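The structure appears below as structure tokens.
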Number of protein chains: 2
Amino acid sequence: MPRSIFLPLLRELSSAYQAFEVYSSAHVRSLSLTPAQFDIVATLGNTPGMSPKELGEKTLITKGTLTGVIDRLAAKKIVRRVASPDDGRCQIIRLTSQGEKLFARIFPLHVAHMERVFAGFSPGDLEGITASLRLLRTAFVAAHVSTKP
Amino acid sequence: MPRSIFLPLLRELSSAYQAFEVYSSAHVRSLSLTPAQFDIVATLGNTPGMSPKELGEKTLITKGTLTGVIDRLAAKKIVRRVASPDDGRCQIIRLTSQGEKLFARIFPLHVAHMERVFAGFSPGDLEGITASLRLLRTAFVAAHVSTKP
DNA sequence: TTACTATAGTTCTAGTTAGAACTAAATTGC
DNA sequence: GCAATTTAGTTCTAACTAGAACTATAGTAA
């Protein structure tokens, strides 16, 4: 078992994610949103809205955190909460018209900002890296599940 | 420019990191440390100590955050602050003897816990994934630097 | 030397984070 | 149709997070 070889992998995973965060969040902050707020706006854009549960699954924000993030976006009039007609426990979070305008303005800017990172990569590179990441995620999820039951 | 292809990569990067965090931090918390505290203890183990600046560079924790993390570890008598003899601005953070015992006990446990994730991976797999991550990090850092000056 | 500049850490603020306890509404089982 | 369980969201707590402003010390340059 070459134990020495997976510790550098974990360090690189943390470093790569950290570098992504630094690069991405500096831009998002320059647009007057926090990274979590941007994720919510980006996820709600071009949709009829969705429940906090679904939003949390897509953005990987846990429900306790999500309440606060939505509170702050609602205070800025970027989203609003609508009661679900079907289920009294559910809400639907929607962009307001102001939120839609914000999304239309900043989402393309941020995509362009991120695209610059990959200027030197071929499609094959990108697919290879994506496959590596998928493999990693799958391994962590499988390992986590196997500790639970 | 196939713009569609790097967005899935970014999603996979976030998901993979998130899956790592969930798996790793559940274990760390069961050892009565937070992930940030564990990183500090793991970094200080088997060293004569180091300055907060160096600790922050190794653990990717920014200096403002680090003050609080070290405060809490010091309150638990796991580390202590020693004034640097050379530089009046510097400190040296060291594990206490209690901290060294803690490190000796939990670090191997955590390494073993993480090793399980990679049971199904060949050394070649691990090296390939590590290389992908290194490529990613480099690209983000380069892009970030090019926005600064 | 004396002013200027850079560096190390702390403090402060606003926000995110996870996890656990809680409330209310729905679903299931009997 | 009622009790037991599950699910959706909120609230609470402790901690982390980045970034900016601040203090103190060190290095540099005239």
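Nothing here was measured: the structure is a model prediction, and the numbers come from that model. Order of the sequence lines fixes the chain letters, A, B, ..., with proteins taken first and strands second; residue numbering starts at 1 for each chain.
To the nearest 0.5 angstrom, A:His27 atom NE2 is 9.0 Å from A:Ile106 atom CD1. Remark: A:Gln98 CD to A:Glu100 CD distance equals 11.0 Å, nearest 0.5 Å. Atom OG of B:Ser97 and atom CD1 of B:Ile78 lie 12.0 Å apart (nearest 0.5 Å). Interatomic distance, B:Leu126 CG to B:Phe118 CZ, rounded to the nearest 0.5 Å: 6.5 Å. Rounded to the nearest 0.5 Å, atoms CG (B:Leu73) and CD1 (B:Ile93) are 9.5 Å apart.
Residue whose closest nucleotide on DNA chain D sits further toward the 5' end, between B:Asp86 and B:Gly64: B:Gly64. For the pair A:Glu54 and B:Thr62, nearest-nucleotide mapping onto DNA chain D gives the more 5' position to A:Glu54.
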> Where do A:His113 and B:Thr147 land on the side-chain hydrogen bond (donor to acceptor under 3.5 Å, both in side chains) test, with the steps shown first?
Replying inline: CA-CA 10 Å; A:His113 184 72; B:Thr147 66; 5.9 Å; no
> So A:Val141 and B:Val22, side chain to side chain contact (heavy atoms under 4.5 Å, CB included) or not? Walk me through it.
Replying inline: CA-CA 9 Å; A:Val141 170; B:Val22 166; over 6 Å; no
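Nucleic acid contact class of A:Lys63 (heavy atoms, under 4.0 Å, all strands): base. Using a 4.0 Å heavy-atom cutoff across all strands shown, B:Gly88 reaches sugar-phosphate atoms only and no base atom.
Applying the side-chain hydrogen bond (donor to acceptor under 3.5 Å, both in side chains) test to residues at least two apart or on different chains, the pairs with a partner in residues 122-140 of chain A are A:Ser122-A:Asp125, A:Ser132-B:Ser132, A:Arg137-B:Glu12.
A:Arg29 pairs by the side-chain hydrogen bond (donor to acceptor under 3.5 Å, both in side chains) definition with nothing, not counting sequence neighbours.
Put simply, CD on B:Glu57 is 10 Å from P on C:dG9, counting in whole angstrom units. In this entry the distance linking CD1 of A:Ile61 with P of C:dA18 reads 8 Å, nearest Å.
A:Phe140 and B:Tyr23 have tilted rings, their planes meeting at an angle from 30° to 60° on a 0 to 90° scale. Taking the six-membered ring for Trp and thresholds of 30 and 60 degrees, A:Phe107 and A:Phe38 have nearly parallel ring planes, at less than 30 degrees apart.
Annotation: proximity of residues 14-38 of chain B to DNA chain D (heavy atom, distance under 4.0 Å) is found for B:Thr34, B:Ala36, B:Gln37, numbered in ascending order. Residues from residues 66-85 of chain B with heavy atoms under 4.0 angstrom of DNA chain C, sorted by number: B:Thr67, B:Arg81.
Think of the region where chain B sits on DNA chain D: with heavy atoms and a 4.0 Å cut, that region ends 5' and 3' at D:dA15 to D:dA26.
An end-to-end axis angle of 30° holds for the helix from C:dT1-D:dA30 to C:dC30-D:dG1, taken from five base pairs per end and rounded to 10°.
The nearest pair of heavy atoms linking B:Ile40 to B:Val69 is CG1-CG1, 4.0 Å. Here the shortest heavy-atom pairing between A:Ser84 and A:Asp87 reads OG-N, 3.3 Å.
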